[in-house]
Amino acid sequence: MGEQYVLKVNGKEYALRTGGGQMLADVLRDELHLIGTKKGCCQGECGACTVILDGKAVNSCMIPVAKAVGADILTIEGLQTEDGLHPLQKAFIEEGAVQCGFCTPGMIMSAKALLDEEANPTSAQIQEALSGNICRCTGYVKIEKAVQKASEELRKEG
Amino acid sequence: MKRYISKNQKRSDALSKVTGEATYTHDIVVPGMLFAKVLRSPHAHARIRKLDVSKAAALPGVKAVATWENTPRKLFNSTGMMAFLYPGAKPAMDEYIFDQMVRHVGDEVAAVAATSEEIAAEAIRLIEVEYEPLPALLDPLDALEEDAILIHGDIQDNNIASGTHTIRQGDFEKGWAECDVTYEARVKLPIQKQAQLETHAAVAEYRNGELTVWSPTQSVHGTKYILAHIFDMSAGNIRVMNPPYVGGAFGVRVGFGGKAEGIVSCLSMLSGYPVKLVLTREEDFTVSDTRHSGYVDIKLGAKADGRFHAFGMNAYLNTGAYGTHGIEVAACLGNMATSTYRVPNIFFEGASIYTNIVPAGAFRGFGNPQAVFAVETAVDALAKKLDIDPVELRLKNRIRVNDEWPLSYPCSSTALDECIKQAAAKIGWSEKRGRAGQGRFRRGVGLGAGTHFCGYDELAHVSLELETDGSLSVFTGNSEIGTGHITSLQQITAESFGCEIEQVNIKYGDTRGTPYDVGCHSTRSVFAIGNAISMAAGELKEQVLQYAAGAMGCSAEALSIESGRVRGGPEEMDLGQLARDGHIHKTHFSAEGKSKEAVTVTPWEAHAAEVEVDTLTGMVKVLKVVAAHDVGVAINPQLVEGQIEGGVVIGIGYATREEMSINEKGEVYNSSYHTYMLPTFADTPEIEPVIVESYEPRGPYGAKGVGECGLVPTAAAIAAAVEDATGVRFLEIPLTPQRVLDGLQAACVTCQAEKEGGTIDVE
Ligand code: FES
Ligand code: FES
C-alpha cells in the first residue's frame, strides 16, 4: 500500500493512497471519477486536462499528485453553484462554443483562471490565455465570443 | 411560418459537455476490465521471422497476448461499408488485425491485455521479435514503377488500391488542341492529420457469445459489420455503441479507428475479460488514417473569350500501407475537380497507391481540398494569361443548375455565384487585389471556390415511435461526432411532426435498436437523415390524425398537430393520451423513413483570404478569411457557422503549417501536437462565415449539408493571396516559412533571368 494523502478538490477533501508517481489528471479521473477532466495528449500540449490549482490554470497531466497535496483544486465539476451554471458555462452554450466537447472543460477552466485575474480581458489576452488549449472543432471563434460574453456577465453581477 | 427551421436552437448535448458530465470512450469503465497496449513495428516493411511472447505471457497480471498466430486470418477493409459503395470496384480487402508482414512503421505486431496499463506496457517490452527487413516504398510515383516491389503481393500484382477512377466527357485531346490559352502544372500535397482531441480508443466485452464494443466510431453499423466479418459472428450478436459522445472525428473514425475496435475484441475473446485500449497521442498520429498526400497533374485550357474548353487531370494519391477508402477518395477528387466549372472536354484519371507509410483514409473533404488546390491554381493562371479578373473568370465558367457534367447526379441547386461575389466583396477584392506594393511585408488577397456532395441519402433509415407520454423517439444509427446535427435533426422532427422540440428525443450511436445507417460523414447527416425523418414524421402524423379523427368522429383533413396537441376537431387531444388509447385498441404509432431513390445534392463554397507575407522570413500571416457557403436552407445557422469556422481553421492549417513529415526510414517525425504545429487560438485570424442560402428542392426544408465544406477551398484561396502579395504561385503546401523563403529566392533569380516579371510556379 502506498502512503495516505489528502487532496482538496472542489471544496471537498478526499483521503487517498498513492501508488507513487501518478499524475493529478489520472487521480482525478480514475480515483475520484471526476471524468470531466479530459486527457488529449498526456504531454502538456493540448490543455484538455486543465484544472485550477491555487488560482492558476495548470495541465493536470503534468502535475505529479504529490505537488497537488495541500492545494485548492478546482475542476469543471466544481464550477456550478447552487445558483446554477457558471456564466462561462452558460456563455459556451449560448454562443455555440461547444462542438465535440472534448476540449470544453479544459477551455472553460483556462478561461475561468483568466477572468479571475482579469475581469475585462482584451481579445489578445483571451487568445494568449487560451493558446495552450487546443480545439480542433470550433476554430476558436465562438469560444472567444463566449469568454467575452461571460466576462460581461460577471462584471454585471459585480 | 416555420417554428423550428432557421432557428439557433441550442445544442441538446451542450449542457452535459459544459458541466463535464459528457461521457466518451476514454471514460468507459466496465467491471473487471483489463488494459491493453500494442507492440508496433519499428520497420517500414518487414516480415516477422520469429515472435516469442512467452516472457510477456508469463508476467503476472498479463491475461492475453494477441499476435497473428492466434487471431483471425480474415482480410478486411477498415472503412466498414464505405469501401463497398463505389460502383463496380473491388474494395481493398488488404488488412489483418495482426499479420506476419508489417507494412509501415507503427503497424500492429502484437497486443497485450493485463490488469493495468503499466503491466501491459511492461509485457510489450518482453515480446521478442525477429524481423526480416524488406525494401520500402515511400513515394507513390516510385510505387508505380514497373520494377517496384509489391506491398500486397499476396493479393495483387500492382500497387494500386482497388483500381483507377476515370472520367471522360467530350474529347479531351481534341479540346486541348483547340484551346487558345493553356496551363499545366503538377501540385504536391502534404499528409494532413485529423488530430481530433480524443485519441482512438475502444472497449470490448465478449460474453455469452455476444460482443459489445464501445467506440468513438462515426459509423456504428459499419464497425459492427467489420467485426462480424473478421470474427465470423452473426451480426445480430454484436453491439457497437458510442458512449454516446465522440471527441472529434473528421473522417478518421469511419469504420475502425487505428484498429482499436479489432484489437480489444481479439483480446477480450482471448482473455475472457472486458478490455480497454486508449491510444497515446503519438500512436494516434503515427498509425491511424491521414489525409491522402500525393501529386495532382492538371491541364486547363480556355478559348480566347475565357470559356474553359479542356480539362485534364491525373491524381497519384499516397494511400500508405493499406487501401482503406482507396478508390473512393481518388474518385471524389476527380468528381469534385470536374464539377465546379463548365468544361466540354474532360479527362481524369486517379488512383490511391500503396506505399510503406502510415495509411491514408477519410479526412474531412475526402480528396476535394486536393482537387480544388490544383484546379484553382490553374484557374488563376488562366485568368492571368487571359487578363481577366479571377473573380470574373470564375463567375463566367461556374456550373449552372442542370448543366451537363460528368457526375451521375444532376446539379439541382447552386448559389456559387453569390458565394464568389460575397467572398470577394467582403475581403475587399476591388480595393486590395494587385496592390501588394514593395517592401518587406506584402499583402495580398486571393479566392478559391468549389463544391462538395451530400451523399448516401439511400443509406439513411430511421424509425419513429410515439411514446405513451406523447413524446417522439427517433432511432437512427447515425453518430454525434461533435457537429451538432442531432440538434438540427430534432428541429426537423419537431417541425415535420408538429410537436414541441422538447418532445423529441433522438437516439443514436448504438447498433442495438436502430435501423442501419452508413454513418456520420460525407456531409450527409442533416440532409439524408433529415429527409428520412421528414418522411417518417409525415407518415406518423397521418396515422395519428386518422386515428384521432376516428376517435372524435370528424374528418382527418380538419385536424392538425400543433404544439404537441391534435387540434381542429370537436375537442383538443393530447398526443400521450392518443398513444395510450391507441395501444389498447391495437394501434401502435410508429413509422419508418428511408429514401425511395438515391439522391445526391451539392453544397457550394467560395473562400477569400487576405495574407501578409514577410519576404525576409517567409512567414505567411493569414489576416482574414471570408468563407461564403451555399448550404441550402440553414436549419440552424449558429451550428452552420460553427462548422464553417472550424473547417476554415483546418484549411488554414493545411495551407500554412500542417504536414506530417516522414523520413527515409518511414518514420513520422511530427507525432505530437507541438511538433505537428496544430493551429492554436493565437494562430487564428479573423474569420467571417457567410451563409448564402439557396433552396435545395430535394433536401429537408430546402437544406443541404455543410460539414466538410468549410476547409475545401481555403488553401487555394491562401495560395492565391500569397501570389497576389509576392508574384509567386506555390505549387506545394503547406506554405511554411522555409518553403516560402526558398520559393521567393528562386523566383527572384528567375525573374531577373527572364526580365519579364510575372508569376513563377514554384514546386
Ligand atoms: S492531456 Fe494534459 S495537456 Fe494534453
Ligand atoms: S469542441 Fe472538439 S476539440 Fe473543441
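Below, chain A is the first sequence line, B the second, and so on; all start at residue 1. Atom set for the values below is all heavy atoms of this structure, side chains included, hydrogens, waters and symmetry mates excluded.
Interface summary for chain A: among B:S672, B:P689, B:A22, B:G248, the most heavy-atom pairs under 4.5 angstrom belong to B:S672. Taking chain A as the reference chain and counting heavy-atom pairs below 4.5 Å, the highest number among B:D13, B:T280, B:T199, B:L15 is found for B:L15. Comparing B:E282, B:E198, B:H26 by how many heavy-atom pairs each has under 4.5 Å with chain A, the most go to B:E198. Of the residues considered (B:E686, B:H674, B:E480), B:H674 shows the highest number of contacts with chain A, using heavy-atom pairs under 4.5 Å. When A:T75, A:T138, A:I143 are compared by the number of non-hydrogen pairs under 4.5 Å with chain B, A:T138 comes out ahead.
A:L130 touches chain B through backbone and side chain together, each having a heavy atom under 4.5 Å away. Only the side chain of A:L85 comes within less than 4.5 Å of a heavy atom of chain B; its backbone N, CA, C and O stay farther away. Residue A:C42: no heavy atom, backbone or side chain, is found under 4.5 Å from chain B. Interface residue A:K38: only side-chain heavy atoms are found under 4.5 Å from chain B. With a threshold of 4.5 angstrom between heavy atoms, A:K90 does not approach chain B through any atom at all. When heavy atoms are compared at a cutoff of 4.5 Å, B:F285 does not approach chain A at all. Within the 4.5 angstrom heavy-atom criterion, only side-chain atoms of A:Q80, from C-beta onward, approach chain B.
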Derivation and outcome, side chain to side chain contact (heavy atoms under 4.5 Å, CB included), residues A:C135 and B:F681 = CA-CA 8 Å; A:C135 175; B:F681 230 112; over 6 Å; no

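We find that A:R136 and B:E658 are joined by a salt bridge, their nearest charged nitrogen and carboxylate oxygen being less than 4.0 Å apart.
Between A:Q99 and B:K17, the closest side-chain pair of non-hydrogen atoms is not below 4.5 Å.
Taking the six-membered ring for Trp and thresholds of 30 and 60 degrees, B:Y24 and A:F102 have ring planes more than 60 degrees apart, a perpendicular arrangement.
The backbone N or O of A:Q43 lies less than 3.5 Å from no partner atom in the side chain of B:Y673, so there is not a single donor-acceptor pair.
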